[in-house]
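Read through the structure below, which is laid out as structure tokens, and then see the notes.
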Amino acid sequence: MSDELNPYAPPEAGPGDRATTTKKKKKKRDTSGAIAEALERLNRHIDDASAVAVDRKEAGGRLRVVTIVFVAIAAVAIVSMVLAVQTIPSRDPAFAFLIIFPIIFGILAVALVAVDLTITPRGTPARPEATLRSFLKAMTMGRQGYAWACLSPTARAQTVAPPSLGEIPIGSGAFSLATPTGLKDWSSTFIRIGHGQIRSVQLKRVSIVREDGDVAVVEVHALFQAWPQWANIVAAVAFVVIRLLGALLYLVLFLALRKRHEVTFQKTLLRGKNGLWYVYAGDLFDDGAPN
């Protein structure tokens with residue numbers, strides 16, 4: 001019968017009543033679920049003794065091999081100087097060499113030790129901002145094994161591309177972060193020497209945005225720089241040939257040819273059950289974590 005009411009039909013709006021409509025809500029991406037899954041994966045990784053041993057080996061000691069070599073050379077040079085100064089006359093040409101050589105290698109050794117000590121030991125728990133600072137510095141210093149050991153298993157499963165850095169020339173390609181070699185090839189496209197460019201990064205500020213349990217968001221304000229490798233070679237040759245003018249030429253070339261890009265970005269870090277913080281995502285600027 002047409003006059004019968006359908007008990008399942010929605011009520012009709014009467015005259016003067018406002019009709020109600022149901023809006024379909026957009027589904028949000030479950031980013032918190034992705035973080036939880038990454039934390040579980042990280043803790044499974046930490047439970048694997050062989051995987052942790054690989055991380056420890058790749059991270060290496062507090063001092064690099066090159067630093068230890070320079071310290072050893074400087075020590076030998078200083079001891080040789082002390083022993084030889086007592087027997088070699090000051091007018092002898094070898095006397096000046098015995099003085100200059102230890103001074104040069106001593107300064108280099110001290111500088112290398114100072115730089116290495118800015119990296120926090122990977123086996124010791126540190127604040128998330130200190131971990132991220134050490135991760136970025138390690139890449140600029142060529143300590144790719146240390147930087148790789150800072151990546152979470154989720155980040156190591158990623159394939160990444162070089163970040164966009166304005167006018168700074170960068171390499172191209174896609175790089176797997178599954179091994180330190182992949183991270184080395186990736187970093188050489190934008191933060192390390194490579195593709196005819198000498199690059200550097202200055203970390204002006206590294207600070208915590210928020211920290212919630214085993215998840216922290218850290219903000220980085222950095223200045224990236226690059227200049228052609230050929231300019232360094234020309235300046236080095238000029239310095240050997242014309243000394244002070246060569247140093248001035250290097251300064252002129254550096255200021256004229258360098259490219260700069262200042263940027264602020266955020267990275268999410270995860271804390272494992274061992275107390276260490278790990279970088280959640282491999283991409284430098286695309287963090288892939290909830291805001």
Side-chain angles (χ1 to χ4, degrees), residues 31 34-35 38-39 41-43 45-46 52 55-56 58-60 62 64 114-158 160-165 175 177 180 182-184 186-192 199-225 261-291:
T31 47
I35 291 290
L39 276 169
R41 189 174 182 182
L42 171 59
N43 286 325
H45 173 83
I46 293 169
V52 172
D55 287 356
R56 193 178 299 116
E58 291 295 341
R62 191 77 186 271
R64 291 171 291 172
V115 169
D116 284 358
L117 292 180
T118 61
I119 301 292
T120 58
R122 187 56 190 152
T124 305
R127 295 286 300 157
E129 67 272 27
T131 299
L132 185 58
R133 182 185 292 273
S134 295
F135 166 72
L136 295 170
K137 277 191 172 184
M139 282 200 290
T140 65
M141 293 164 56
R143 297 191 62 172
Q144 312 306 338
Y146 180 100
W148 183 79
C150 292
L151 293 176
S152 71
T154 301
R156 296 180 196 181
Q158 292 180 323
V160 295
S164 176
L165 294 175
F175 304 89
L177 298 182
L183 188 142
K184 178 183 177 182
W186 174 60
S187 63
S188 70
T189 63
F190 70 97
I191 203 172
R192 282 280 295 161
R199 303 182 179 91
S200 69
V201 60
Q202 179 185 352
L203 302 178
K204 293 192 168 185
R205 187 184 71 252
V206 183
S207 57
I208 290 183
V209 175
R210 61 181 178 273
E211 184 178 345
D212 183 15
D214 293 329
V215 181
V217 177
V218 180
E219 185 173 86
V220 179
H221 185 70
L223 173 64
F224 291 84
Q225 296 187 100
H261 183 73
E262 201 162 346
V263 62
T264 300
F265 60 97
Q266 293 184 355
K267 295 293 293 178
T268 299
L269 281 81
L270 310 177
R271 180 167 53 193
K273 58 171 64 176
N274 57 0
L276 301 182
W277 289 91
Y278 293 78
V279 178
Y280 167 62
D283 270 316
L284 193 65
F285 298 151
D286 185 10
D287 194 41
N291 295 322

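Treat the numbers as computed from the prediction; the structure is a model and nothing was measured. The analysis underlying the following values was restricted to heavy atoms, covering all of them including side chains, and did not include hydrogens, waters or symmetry mates.
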Across all chains, not counting sequence neighbours, the side-chain contact (heavy atoms from CB on, under 4.5 Å) partners of V220 are L132, L136, L203, V206, A222, F265

Going by the rule side chain to side chain donor-acceptor pair (under 3.5 Å), which residues pair with R41 if we only count those two or more places apart in sequence or in a different chain? none

So, using side chain to side chain donor-acceptor pair (under 3.5 Å) as the criterion, who are the partners of R62 when residues are at least two apart? none

Over all heavy atoms of both residues, which pair between L177 and G282 is shortest? Give the atoms and the distance, please. CD1-CA, 3.7 Å

To the nearest 0.5 Å, how far apart are CG in L183 and CZ in R143? 13.5 Å

Non-neighbouring partners of R156 that pass side-chain contact (heavy atoms from CB on, under 4.5 Å), sequence neighbours left out: H45, D55, W148, L151

Residue pairs passing the salt bridge (charged side-chain N to carboxylate O under 4.0 Å, His left out) test with at least one member in residues 268-277, sequence neighbours excluded, are D47-K273, D214-R271

Minimum heavy-atom distance P121-Y146, with the two atoms named: C-OH, 4.5 Å

Main chain of V160, side chain of W186: is a donor-acceptor contact present, judged purely on distance under 3.5 Å? no

Contact list for residues 128-141, test side chain to side chain donor-acceptor pair (under 3.5 Å), sequence neighbours left out: T120-S134

Does any non-hydrogen side-chain atom of H261 lie less than 4.5 Å from one of V263? yes

Find the distance between OG1 (T268) and CG (L270) and round it off to the nearest 0.5 Å. 7.5 Å

Set of residues satisfying side chain to side chain donor-acceptor pair (under 3.5 Å) with respect to N43, sequence neighbours excluded: none

Taking the side chain as every heavy atom from C-beta outward, state whether E219 and R205 have any pair of such atoms under 4.5 Å apart. yes

side-chain contact (heavy atoms from CB on, under 4.5 Å) against K204, all qualifying residues, sequence neighbours excluded: Q202, H221, L223, E262

Those residues at least two apart in sequence (or on a different chain) that pass side-chain contact (heavy atoms from CB on, under 4.5 Å) with P125 are L276

Testing the basics here: between V279 and A155, what is the closest heavy-atom pair and its distance to 0.1 Å? O-CB, 3.8 Å

Between K267 and F285, is there a donor-acceptor pair closer than 3.5 Å when you use the side chain of the first and the backbone of the second? no

Would you compute the distance between atom CD of Q225 and atom OG of S200 and round it to the nearest 0.5 angstrom? 4.5 Å

A149 and A59: which non-hydrogen atoms are nearest, and at how many Å? CB-CB, 4.0 Å

Does a side-chain heavy-atom distance below 4.5 Å link L269 with Y280? no

Sequence neighbours excluded, the answer for salt bridge (Lys or Arg N to Asp or Glu O under 4.0 Å) partners of R64 is D116

Check ion pair E211-R127 (N to O, under 4.0 angstrom): yes

For the SG atom of C150 and the CE atom of M139, what is their distance to the nearest 0.5 Å? 9.5 Å

Stacked cation flag R122 on Y278, 6.0 angstrom / 45 deg: yes

V217/D212 under side chain to side chain contact (heavy atoms under 4.5 Å, CB included): CA gap, chis, key distance, verdict: CA-CA 9 Å; V217 177; D212 183 15; over 6 Å; no

To the nearest 0.5 Å, tell me how far L284 CG sits from S164 OG. 11.5 Å

Set of ring-ring contact (aromatic ring centres under 6.0 Å, His included) partners for F135, sequence neighbours left out: none

Closest heavy-atom contact between F175 and G182? CB-O, 4.0 Å

